[in-house]
Participant: 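Below: one structure in structure tokens.
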Amino acid sequence: KQEVTQIPAALSVPEGENLVLNCSFTDSAIYNLQWFRQDPGKGLTSLLLIQSSQREQTSGRLNASLDKSSGRSTLYIAASQPGDSATYLCAVIRPGGFKTIFGAGTRLFVKA
Amino acid sequence: GAVVSQHPSRVICKSGTSVKIECRSLDFQATTMFWYRQFPKKSLMLMATSNEGSKATYEQGVEKDKFLINHASLTLSTLTVTSAHPEDSSFYICSAISQPQTEQYFGPGTRLTVT
């Protein structure tokens with residue numbers, strides 16, 4: 001059974017700091033992995049999608065890596081800003097049927 | 001990116017009534033739609049997978065007679081919460097994909113409160 005764990009559960013950093021969010025999964029047989037952002041009371045915004053054959057994806061200040069063999073992904077946020085404050089969710093998409101298993105998320109607070 | 005809408009965004013209903021939530025893909029045809037439920041400060045829990053023109057596949061522990069899902073067209077799926085109870089109060093989110101692509105596009109969510 002696929003389980004997705006995110007560490008830390010919560011993080012508070014000063015503005016400008018670079019930070020890393022961690023995601024681990026128990027079954028390396030994944031189709032792809034996706035990082036999302038969720039603001040309080042809102043839906044999900046897709047940040048980065050990494051196909052199982054890829055090692056990383058970049059978008060602006062965000063970089064996500066994937067190591068299937070060790071069951072890990074990281075989301076790197078450079079030069080954090082108060083507007084980055086949100087919950088970040090890691091999700092693993094299983095092959096066949098595209099079912100998605102979510103981690104519990106990391107709540108990020110960036111202080112001005 | 002692709003857009004998925006949900007309607008209503010917020011609904012309050014009385015215990016015992018039924019509520020329908022719509023999920024629409026606005027600019028693409030969704031071969032598969034998913035319905036999730038999110039409890040406060042918790043992650044998303046997959047409720048069911050819906051393919052256009054066929055019966056939804058429900059996850060273990062989800063009552064299919066209580067949460068009726070219909071995927072009548074390639075752009076619309078509906079979730080009906082029947083005989084709602086206060087414990088059904090939650091944030092319901094849908095997502096859609098258009099195969100062979102696998103990126104999921106999420107709707108903004110529907111906040112259901114049952115009084």
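Every chain is numbered from 1 and lettered A, B, ... according to where its sequence line falls, protein lines coming before strand lines.
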Participant: Counting only non-hydrogen atoms closer than 4.5 Å, does Leu44(B) touch chain A with its backbone (N, CA, C, O), its side chain (CB onward), both, or neither?
Facilitator: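 Both backbone and side chain of Leu44(B) come within 4.5 Å of chain A.
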
Participant: Look at the side-chain heavy atoms of Ile, Leu, Val, Met, Phe, Trp and Tyr, link any pair under 4.5 Å apart, and say whether Trp35(A) and Val4(A) land in one connected group.
Facilitator: yes

Participant: Show, in sequence, the C-alpha distance, side-chain angles and deciding distance for Ile93(B) and Gln38(A), and conclude whether the side chain to side chain contact (heavy atoms under 4.5 Å, CB included) test is met.
Facilitator: CA-CA 12 Å; Ile93(B) 303 178; Gln38(A) 185 176 31; 4.0 Å; yes

Participant: What do you reckon, is NE2 of His85(B) surrounded by more than 12 foreign heavy atoms closer than 6.0 Å?
Facilitator: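 Count over threshold, so yes.
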
Participant: Do Leu75(A) and Leu108(A) share a hydrophobic cluster, counting only Ile, Leu, Val, Met, Phe, Trp and Tyr and linking them when any side-chain heavy atoms are less than 4.5 Å apart?
Facilitator: yes

Participant: Please flag which part of Gln6(A) lies under 4.5 Å from any non-hydrogen atom of chain B: side chain, backbone, both or neither.
Facilitator: neither

Participant: Counting only heavy atoms closer than 4.5 Å, note whether Thr100(A) contacts chain B via side chain, backbone, both or neither.
Facilitator: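 Interface part for Thr100(A): both.
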
Participant: What distance separates Gln104(B) CD from Leu49(A) CG, expressed to the nearest 0.5 Å?
Facilitator: 10.0 Å

Participant: Taking all heavy atoms of Ser43(B) and all of Ala104(A), pick out the closest pair and write down the distance.
Facilitator: CB-CA, 3.5 Å

Participant: Does atom CD1 of Ile12(B) have more than 12 heavy-atom neighbours from other groups under 6.0 Å away?
Facilitator: no

Participant: NZ of Lys68(A): more than 12 outside heavy atoms within 6.0 angstrom?
Facilitator: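 More than 12 heavy atoms, drawn from other residues, nucleotides or ligands, come within 6.0 Å of this atom.
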
Participant: With a 6.0 Å cut-off (strictly less than), is the heavy-atom count around NZ of Lys66(B), excluding the residue itself, greater than 12?
Facilitator: yes

Participant: Heavy-atom distance under 4.5 Å to chain B: side chain of Leu44(A), backbone, both or neither?
Facilitator: both

Participant: Does atom CZ (Arg61(A)) have a neighbourhood of more than 12 heavy atoms from anything else shown, all under 6.0 Å?
Facilitator: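 Enclosed.
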
Participant: Select one option (side chain, backbone, both, neither) describing which atoms of Glu59(B) are under 4.5 Å from chain A's heavy atoms.
Facilitator: side chain

Participant: Membership question, hydrophobic clusters at under 4.5 Å side-chain separation (ILVMFWY): are Tyr76(A) and Val13(A) in the same one?
Facilitator: no

Participant: Heavy-atom pairs under 4.5 Å with chain B are the metric here; pick the option from Ala91(A), Gly103(A), Gly105(A), Pro40(A) that has the most.
Facilitator: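 Looking at each option in turn, the highest pair count goes to Gly103(A).
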
Participant: If you compare all heavy atoms of Lys42(A) against all heavy atoms of Phe91(B), which two are closest, and at what distance to 0.1 Å?
Facilitator: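 Answer, listing the atom of Lys42(A) first, then Phe91(B): O-CE2, 3.3 Å.
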
Participant: Could you grab the distance from atom OH of Tyr105(B) to atom OG of Ser46(A), nearest 0.5 Å is fine?
Facilitator: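 Result: 7.0 Å between the selected atoms.
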
